[in-house]
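Following: one structure in structure tokens, then a few remarks.
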Protein chains: 2
Amino acid sequence: MKQQAVFRALADPTRRAILKRLQGGALSAGDIGEAFEITPASLSHHFAVLKQADLVRTERRGQYIVYSLNSTLMEDIARMVLDLFPIGPSKGGKR
Amino acid sequence: MKQQAVFRALADPTRRAILKRLQGGALSAGDIGEAFEITPASLSHHFAVLKQADLVRTERRGQYIVYSLNSTLMEDIARMVLDLFPIGPSKGGKR
DNA sequence: TATATATTTAGACAAATATCTAAATGTCGC
DNA sequence: GCGACATTTAGATATTTGTCTAAATATATA
């Protein structure tokens, strides 16, 4: 897995906001963009970074391109982050 | 909490390696630096970024400055990351 | 106090990044 | 096919970032 790509993708606040926005379900690029004061081109750039990290999936639906979270990666991401610290997150110490 | 500072700090591979290195316990700046082909000045810059994110603590011990992980933040960090995804990491789902 | 060691700070510079505008590509409805 | 809409790609630019060297600060020890 491209650990660097994931961390880099999460480093930008706009991209994190995009991920949050997708929590409600899949959205077209344009629908996502409505929440941000940013050009479609810049937005597209962020999508590319998120895709490269495999954090989102895309599907063309007619005229639109629909983005959705790749939640199957979630556990891996959690592991990647927690791996940076000596013990697990739960009180019991997950190991 | 400075979410942006944390994500930014984790985005650099050298800084992640520093965190890993500290898992074994506190180390002086110089001891940490031995693992990297980087000048002390650059290393110090990375420490500053990690400190700003509150990921590490420092303590002067005589001539040395000793760094250690701030593991109390771990849960917060895990939450910050998992917050970007719709459901929790454990098989049981949301926590 | 003087010297050596450890670390940080200041300043410069190259590479990476986020943004924009303009143009290209892809799809739909007429 | 043509025009309208949605999205991406290309190219330019300004900002941020990681790195360096040189100088400054702090501590230890002779």
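Reminder, nothing fancy here: chain letters follow the sequence lines and each chain counts from 1.
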Go through it in stages, so that I can follow the logic: the residues are A/E59 and A/R61, the test is salt bridge (Lys or Arg N to Asp or Glu O under 4.0 Å), and I'd like the CA-CA distance, side-chain angles, deciding distance and then a yes or no. CA-CA 6 Å; A/E59 173 202 354; A/R61 200 172 306 179; 3.5 Å; yes
Tell me which pairs pass salt bridge (Lys or Arg N to Asp or Glu O under 4.0 Å) where either residue lies in residues 11-28 of chain A, with sequence neighbours left out. A/K20-B/D83
Which whole-number value in Å describes the distance from B/E37 CD to D/dG18 P? 19 Å
First locate atom CG of B/L69, then atom CG of B/L55, and finally report the distance between them rounded to the nearest 0.5 Å. 8.5 Å
N/O (side chain, B/R61) to phosphate O (OP1/OP2, D/dA28) under 4.0 Å: no
Hey, could you give me each pair passing ring-ring contact (aromatic ring centres under 6.0 Å, His included) that has a residue in residues 42-73 of chain B? Not counting sequence neighbours. B/F47-B/Y67
Short side-chain N/O contact from A/R15 to OP1 or OP2 of C/dA18, under 4.0 Å: yes
Strictly distance-based, threshold 3.5 Å: is any side-chain N or O of A/Q52 a donor or acceptor partner for the main-chain N or O of A/A9? no
Side-chain contact check for B/H46: nearest option of D/dG18, D/dT21, C/dT17 is D/dG18
Using a cut-off of 4.0 Å between protein heavy atoms and nucleotide atoms, how would you tag nucleotides 2-10 of chain D 5' to 3' with B, S and -? ---BSSBB-
Taking OP1 and OP2 of C/dC20, is either one under 4.0 Å from a side-chain nitrogen or oxygen of A/T39? yes
Please report the distance, rounded to the nearest Å, between CZ in B/R8 and P in C/dA16. 16 Å
